[in-house]
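A short write-up of the structure that comes next.
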Number of protein chains: 4
Amino acid sequence: MVTDKRDPIHAQLVDARRNQILDAATEVFAEKGFHHATIKDIARHAGIADGTIYIYFKNKPDLLLGILNRVNESERRGSDLAKSLEGEIDVRQFMKVYVRHRLSVMDDNLRGFQAVLPDILANTELRERFLREVIEPSFQVAEPIFEQWVAAGAVRPMNAALALRLVSSTFFGMLVLRMMGDATLENAWADLPEVVTNFLFDGLEKKEPSR
Amino acid sequence: MVTDKRDPIHAQLVDARRNQILDAATEVFAEKGFHHATIKDIARHAGIADGTIYIYFKNKPDLLLGILNRVNESERRGSDLAKSLEGEIDVRQFMKVYVRHRLSVMDDNLRGFQAVLPDILANTELRERFLREVIEPSFQVAEPIFEQWVAAGAVRPMNAALALRLVSSTFFGMLVLRMMGDATLENAWADLPEVVTNFLFDGLEKKEPSR
Amino acid sequence: MVTDKRDPIHAQLVDARRNQILDAATEVFAEKGFHHATIKDIARHAGIADGTIYIYFKNKPDLLLGILNRVNESERRGSDLAKSLEGEIDVRQFMKVYVRHRLSVMDDNLRGFQAVLPDILANTELRERFLREVIEPSFQVAEPIFEQWVAAGAVRPMNAALALRLVSSTFFGMLVLRMMGDATLENAWADLPEVVTNFLFDGLEKKEPSR
Amino acid sequence: MVTDKRDPIHAQLVDARRNQILDAATEVFAEKGFHHATIKDIARHAGIADGTIYIYFKNKPDLLLGILNRVNESERRGSDLAKSLEGEIDVRQFMKVYVRHRLSVMDDNLRGFQAVLPDILANTELRERFLREVIEPSFQVAEPIFEQWVAAGAVRPMNAALALRLVSSTFFGMLVLRMMGDATLENAWADLPEVVTNFLFDGLEKKEPSR
DNA sequence: GATGAATGAGTGTTCATTCAT
DNA sequence: CATGAATGAACACTCATTCAT
């Protein structure tokens, strides 16, 4: 029986195995950190032999890239959502939907971030890759939307690039605080879409809310 | 000649050596990450022999703790500042001073954070220690101040604990974005105290600023 | 349909497969050396799957033995030739035929030797096997022939065993030099039967050739 | 105590250690072949720890190169001898001295050759290096000497390059036969200088020897 | 105190071999 | 028979740590 490597069934099997391995790697990396996780750990976690991992991944760093790509994929859907909402008039409504989405992505991929973020921060190459491939593209999607808001008078005039960094920072910071194990943030997760939207729009100061 | 270990001159020499080593370790960890940095690297950077490091530090992780403590020291001065400003009536002025201080600490310790944060995020033990010893104490200092603001009507009523997390997240997020190499944030660093203070107080929305 | 394993057609098929695999193995071993050649390499070279090799050969060393046997077979035909020429009076003519034959065998099996000789020299077991099964038998064929020449006065009296080793050494040495890539020897290959015969009979010294 | 790496005493210690390791490696490679020898084997043989080997040698192949260089050193002394004898009138005497020297070098370095030759033959890179660095230079020393002999009428006119290859082949072949474990050659080793010289000069054929 | 050579435990990776399909 | 995915034993190499000088 000659099996065509381009066989879609074969491709599905390969994909399933890759995901099985990446799931295990995510779990173990998140638990022990990339460097303290051994291939044996991951293999045992996935219920396979050490060598099998090397059929699907070139080496250990490649596992990290695999996880990163899956996380990126989720992240990208955030941009897609933003794009799809473009033109929406009710800015605050837009934001609430977007924040909810972001937070849920964050929640779903928490283990993935925990597996990947420490090494993104530690490793120049990964860092640059993540910046170019994930963060900057999302800024590029967001910037015109933000400027449109300013033009429409829905948002006060400010440096769009900088404003995006601040909003983005808030999300990154929440991710980091959750990863650190902050209980308050974890327990309040359900209320966050509302709270964060208000924070981003109104800030801390007391004033007559615009609506 | 027997040297008394409690000799203050001796203590100063020891401290100088420790700092010399920690400086080298900070640089090398920030550059290569904790695990890819070797003791040889650090020793060469400090201009001493490998073995000498072990006279001043128990082991490699202990170097990380040493760096962490120096960073914490800087951080603590943020809390001190906040405490010292307590009672200040002009909330926005308070915030501007505080933000400026925080950002300058962040800037001064960027290499230190770069050396230490990836492993704080990766390592359960460090993570918990950082949470209990640095983050939570700073929340405990800030919470009464914030509640006092609410009581004084300077800030709109909101869950103090959560508000602090959001503010704190913004700072953490900016740190992370800078560590990632975001150029916009780096170039705008000088304007940030103003911009961030406004962001935190007023949010994004257009409204009649209260002052 | 039950196929009789003693079926001559079946046997031929098996033989064809074995040779197909040995050809591939010879090529790959010669190119990369036994240890750097992988079963995958050989299988790909033969256009079959890894596992198929194990239907025809017990294990990797067995491939080497398979190649060795084919080389030995060629070598043995040298002895056969010698034997067939026994009784021939014109010693120099005998030698010229024999040398030509040997050199052509060497040429034909160069890849085989390249595949097999390094490991014969490295591996005690193979070494002994090659010595007992190939080299010594050929000496045993040659020794009576040589002594007959001495008796007939065609060759000067000398230790037959030692003389054979020297002649044999010259051939082995030429093989090694060619394997090393010596260009002079390779380019002169066509002239060698004449040159080598003269060298073996007359040596280097100037004298009146006997004919 | 600061030790200057160019300290001659330090250099001597390093050299001693390197030789200790190379001795062990030679023994183990000769015994088991390069690929079946493990670093642990060699370390144990040298009475040191695995890691120590890597202080003095970059990697396992580097050990082979180290052995090769020591063997080359011995070989080079053959060329030196030939050069030093240049101008000698008694060609046969010259040859006897040279042959004796070569055979003794061969004998002294037999383990070294056994360690190194299999991989020289198996490995393209080593093969080329050995050809360029050892064999060809020795031919270049020998060729003018040989041509001088022809001019002086001490040797019959023949292609010098080819004649050298044949003589050289005889030596290589004897080395190979000895490595294979041929007992006859080993036992006759003491008589070889005489026998080989005669063989090289007079060949096999009966004739009135020129002296 | 300072040195840096030596140690050896720990791990990523390869690849011959097996076996369910 | 043929396949090739899976296995896991084996091994080169790294590097934190020690300690004699």
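Protein chains get the first letters and strands the later ones, always in sequence-line order, with residue 1 at the start of each.
- Residues from residues 16-41 of chain D with heavy atoms under 4.0 angstrom of DNA chain E, sorted by number: D/R17.
- When the side chain to side chain contact (heavy atoms under 4.5 Å, CB included) test is applied to B/I39, the partners found at least two apart in sequence or on another chain are B/D50, B/I53, B/Y54, B/K60, B/L63.
- Among residues two or more places apart in sequence or in another chain, the side-chain hydrogen bond (donor to acceptor under 3.5 Å, both in side chains) test is passed with B/D41 by B/K32, B/T38.
- At a non-hydrogen distance threshold of 4.0 Å, D/I48, D/A49, D/G51, D/T52, D/I55, D/Y56 from residues 44-56 of chain D come into contact with DNA chain E.
- For A/E73, the salt bridge (Lys or Arg N to Asp or Glu O under 4.0 Å) partners two or more places apart in sequence, or in a different chain, are A/R76.
- Between the CG atom of D/D62 and the P atom of F/dT14 there is a distance of 12 Å, given to the nearest Å.
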Anything under 3.5 Å between a donor and an acceptor, one on a side chain of residues 19-26 of chain D, the other on a protein residue two or more places apart or in another chain? List them.
from: D/N19; atom 1: OD1; to: D/R70; atom 2: NH1; distance (Å): 2.9
from: D/N19; atom 1: ND2; to: D/D15; atom 2: O; distance (Å): 3.2
from: D/Q20; atom 1: OE1; to: D/R17; atom 2: NH1; distance (Å): 2.8
from: D/Q20; atom 1: NE2; to: D/A46; atom 2: O; distance (Å): 2.8
from: D/D23; atom 1: OD1; to: D/R70; atom 2: NH1; distance (Å): 3.1
from: D/D23; atom 1: OD1; to: D/R70; atom 2: NH2; distance (Å): 2.7
from: D/T26; atom 1: OG1; to: D/L22; atom 2: O; distance (Å): 2.6

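- Taking atom CG of C/L63 as the reference point, atom C1' of E/dT17 lies 12 Å away to the nearest angstrom.
- Of the two residues near DNA chain F, B/P61 and D/K60, the one whose nearest nucleotide lies more 5' is D/K60.
- Here ring pair (Phe, Tyr, Trp, His ring centres under 6.0 Å) pairs that include residues 15-46 of chain A, with residues two or more places apart or in two chains, are A/F29-A/F34, A/H35-B/H35, A/H35-B/H36, A/H36-B/H35.
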Dot-bracket pairing map - DNA chain F, Watson-Crick plus G-U, both contacts under 3.5 Å, | cross-strand: .||||||||||||||||||||
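- To the nearest angstrom, C1' of F/dA12 lies 11 Å from CD1 of D/I42.
- Remark: B/R129 pairs with B/E133 by the side-chain hydrogen bond (donor to acceptor under 3.5 Å, both in side chains) rule, at least two apart or across chains.
- Evaluation of the side-chain hydrogen bond (donor to acceptor under 3.5 Å, both in side chains) rule for C/E31 yields C/R111 as partners, not counting sequence neighbours.
- In this structure, D/L65 and D/F57 have side chains that are not in contact, with every pair of non-hydrogen atoms separated by 4.5 Å or more.
- Partners of A/R44 under the salt bridge (Lys or Arg N to Asp or Glu O under 4.0 Å) rule, at least two apart in sequence or in another chain, do not exist in this structure.
- If you measure from atom NE2 of D/H10 to atom C1' of E/dT3, you get 11 Å, rounded to the nearest angstrom.
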Going by atom type alone, with no hydrogens or angles, which donor-acceptor pairs under 3.5 Å involve a side-chain atom of residues 115-125 of chain B and a protein atom two or more places apart or on another chain?
from: B/N123; atom 1: OD1; to: B/E125; atom 2: N; distance (Å): 2.8
from: B/N123; atom 1: OD1; to: B/L126; atom 2: N; distance (Å): 3.1

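- To the nearest 0.5 Å, atom CD1 of residue A/I48 and atom CD1 of residue A/I55 are 8.0 Å apart.
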